[in-house]
Amino acid sequence: MPELPEVEVTRRAVAKLVLGRQLAKVATTRASYFFLTPPATLRRRLEGRVIEGLLRRGKYLLAELDDGSRLLLHLGMTGQLLSSDAGRPDAHTHLVLSFADPGPSLLFRDARKFGKVRWLPPGKSDPRLDKLGLDALAVTGDHLFDASRRRRAAVKTLLLDQKVLAGVGNIYADEALFLAALKPTRRARTLTRAECARLAVAIVSVLEAGIIAGGSSIDDYVRPDGSGGGYQDQHRVYGRGGEPCPRCGGTLRRVVIGQRSSCFCPRCQR
DNA sequence: CAAATCCCCTGCAGGC
DNA sequence: TGCCTGCAGGGGATTT
């Protein structure tokens with residue numbers, strides 16, 4: 001699902017919902033790799049805490065608690081954070097955070113369970129966070145140029161590598177490459193400085209447009225209030241293999257790069 | 001290091 | 001209608 005824009009839209013809405021509130025009851029489902037911290041530990045550590053901050057790092061969310069500990073969340077492919085005003089817990093709801101006040105609780109649903117939850121003790125980080133590269137909203141041409149020099153692989157693979165750039169996923173990679181007129185299969189090391197600069201501008205541009213539109217809702221992603229985002233209506237190439245290119249009218253191609261489907265215009269993108 | 005492969009899990013669309 | 005296959009916004013482990 002969720003790439004940087006969807007996670008950021010989620011962060012802003014969840015922040016409004018939870019900041020300053022004290023957790024009263026934490027309901028969990030059975031242990032699984034969804035829970036990097038065992039459910040019982042999670043309950044013991046969270047109940048009674050006040051949520052003081054909610055940050056985003058790439059596609060991760062980090063809730064700051066009043067004892068200095070933090071709660072790390074990742075939405076995986078199908079994760080949703082929902083206000084209880086927008087839906088009732090169901091078979092795919094793995095976590096329900098209820099508060100001491102009578103306001104709505106927060107639900108974490110995830111059909112495929114690729115999402116993650118981990119409690120971090122005060123002062124402790126997580127290797128997943130430590131490995132993250134530059135946040136994609138702060139990318140520069142120089143950063144892309146430097147990161148691509150030793151890469152024989154496709155530029156699209158580079159964009160999806162969270163150690164290089166944190167936050168870009170399959171949708172926004174395809175969209176940014178189209179905007180920058182660069183073929184996703186282009187070997188990363190062959191990019192010029194000027195092309196990297198163009199690509200950096202394109203990445204920031206599509207991510208910001210995605211945030212403004214409320215994210216891309218395809219199958220699963222919804223905002224915490226239950227409403228869908230609107231950026232899927234602005235996708236120029238993602239998921240459009242075989243359809244006409246919005247710029248030249250030629251036929252968009254679909255290829256597979258690093259196990260991910262990729263759509264592009266062979267005429268506009270070099 | 002970089003890169004390729006497989007795996008985690010569930011739901012859905014499309015073909016037969 | 002049912003069964004089967006392939007595919008899906010993510011990322012980690014392992015191997016070469």
Side-chain angles (χ1 to χ4, degrees), chain A residues 1-11 29-36 56-61 72-81 90-94 108-118 126-133 136 146-177 184-185 187-190 203 206-207 209-211 213-223 228-242 254-263:
Chain A
M1 92 103 256
E3 305 182 28
L4 186 152
E6 291 74 33
V7 177
E8 178 60 21
V9 168
T10 298
R11 185 192 69 78
T29 49
R30 67 170 63 178
S32 69
Y33 62 81
F34 176 88
F35 290 107
L36 298 174
R56 182 190 57 74
R57 303 264 314 269
K59 301 175 195 171
Y60 287 88
L61 287 174
L72 182 65
L73 305 171
H74 194 289
L75 299 176
M77 288 277 262
T78 53
Q80 306 171 328
L81 290 175
D90 62 9
H92 293 309
T93 305
H94 308 295
F108 193 160
R109 296 185 73 243
D110 186 1
R112 286 173 76 180
K113 294 198 283 257
F114 289 169
K116 297 279 180 289
V117 178
R118 183 179 182 193
D126 181 287
R128 293 166 178 77
L129 285 181
D130 298 337
K131 281 188 296 197
L132 291 181
D146 294 343
S148 59
R149 292 309 87 189
R150 276 185 222 78
R151 297 271 189 151
R152 181 178 298 278
V155 58
K156 168 130 181 211
T157 304
L158 183 80
L159 297 188
L160 293 179
D161 185 344
Q162 304 298 298
K163 296 188 290 300
V164 172
L165 203 56
V168 174
N170 208 32
I171 294 178
Y172 295 91
D174 275 9
E175 295 298 310
L177 287 164
T185 52
R187 308 269 162 200
R189 69 191 333 178
T190 70
I203 289 167
V206 298
L207 294 176
I211 292 170
S216 298
S217 291
I218 313 269
D219 288 326
D220 299 281
Y221 172 72
V222 291
R223 295 189 262 191
Y231 196 66
Q232 65 283 355
D233 298 331
Q234 297 178 47
H235 292 170
R236 295 166 171 94
V237 291
Y238 173 79
R240 293 188 180 279
R254 176 185 176 279
V255 297
V256 175
I257 301 172
Q259 323 282 97
R260 318 295 301 277
S261 96
S262 308
C263 297

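Chain naming here is simple, since letters A, B, ... match the order of the sequence lines and numbering starts at 1 in each.
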Next on the checklist: Counting the atoms with a prime plus P, OP1 and OP2 as sugar-phosphate, which does A:Y172 contact under 4.0 Å by heavy atoms, base, sugar-phosphate, or nothing?
Outcome noted: nothing
Checklist entry - Are A:F108 and A:F34 an aromatic pair by the rule of ring centers under 6.0 Å? => result yes
Next on the checklist: Dot-bracket for DNA chain B, please. Rules: Watson-Crick or G-U, both distances under 3.5 Å, ( ) within the strand, [ ] when a pair crosses earlier ones, | for another strand, . otherwise.
Outcome noted: .|||||||.|||||||
Next on the checklist: With side-chain contact (heavy atoms from CB on, under 4.5 Å) as the criterion, how do A:Y60 and A:L75 come out once you've worked through the C-alpha distance, each side chain's angles and the decisive distance to 0.1 Å?
Outcome noted: CA-CA 8 Å; A:Y60 287 88; A:L75 299 176; over 6 Å; no
Next on the checklist: When you compare the side chain of A:R152 with that of A:R187, does any pair of heavy atoms fall below 4.5 Å?
Outcome noted: yes
Checklist entry - When we call it a touch if two heavy atoms are under 4.0 Å apart, what does A:S32 touch: a base, just sugar-phosphate, or nothing? => result nothing
Checklist outcome for this item: Protein-proximity profile, nucleotides 2-15 of chain B, B/S/- by nucleotide at the 4.0 Å heavy-atom cutoff, equals SS--B-BBBS----
Item to check | Atom-to-atom span, CG of A:L129 to P of C:dG11 - whole angstrom | outcome: 12 Å
Item to check | Steps toward side-chain contact (heavy atoms from CB on, under 4.5 Å) verdict (A:Q162, A:K59) | outcome: CA-CA 9 Å; A:Q162 304 298 298; A:K59 301 175 195 171; 3.6 Å; yes
Checklist entry - OP1 or OP2 of C:dG9 sitting under 4.0 Å from any side-chain N/O of A:K59? => result no
Just the table, please: protein N/O against nucleotides 12-16 of chain C N/O, every pair under 3.5 Å.
from   : atom 1 : to    : atom 2 : distance (Å)
C:dG12 : OP1    : A:Y60 : OH     : 3.2

Checklist entry - Charged N to carboxylate O under 4.0 angstrom, A:D220 versus A:R112? => result no
Next on the checklist: Could you tell me how far C:dG9 sits from B:dA3 if I compare only their C1' atoms? Round to whole Å.
Outcome noted: 23 Å
Checklist entry - Is C:dG12 in the syn or the anti form, by the rule that syn lies within 90° of 0? => result anti
Item to check | Member of A:D174, A:T185, A:D161 meeting the side chain to side chain donor-acceptor pair (under 3.5 Å) criterion with A:K156 | outcome: A:D174
Next on the checklist: Does A:R254 reach a base, just sugar-phosphate, or nothing at all? Heavy atoms under 4.0 Å.
Outcome noted: sugar-phosphate
Checklist entry - Residues in side-chain contact (heavy atoms from CB on, under 4.5 Å) with A:D130, at least two apart? => result A:S125
Checklist entry - How would you list, by chain and number, every residue that makes a salt bridge (Lys or Arg N to Asp or Glu O under 4.0 Å) with A:R236, sequence neighbours excluded? => result none
Checklist entry - Do you know which two heavy atoms are closest between A:C263 and A:R240, and how far apart they sit? => result SG-N, 3.8 Å
Next on the checklist: Can you pull out every ring-ring contact (aromatic ring centres under 6.0 Å, His included) where at least one residue sits in residues 155-176 of chain A? Sequence neighbours excluded, please.
Outcome noted: A:Y172-A:Y231
Item to check | Sugar-phosphate only, base, or nothing, as touched by A:N170 at under 4.0 Å among non-hydrogen atoms | outcome: sugar-phosphate
Next on the checklist: Rounded at 0.5 Å granularity, tell me how far CD1 in A:I203 sits from CG in A:L165.
Outcome noted: 5.5 Å
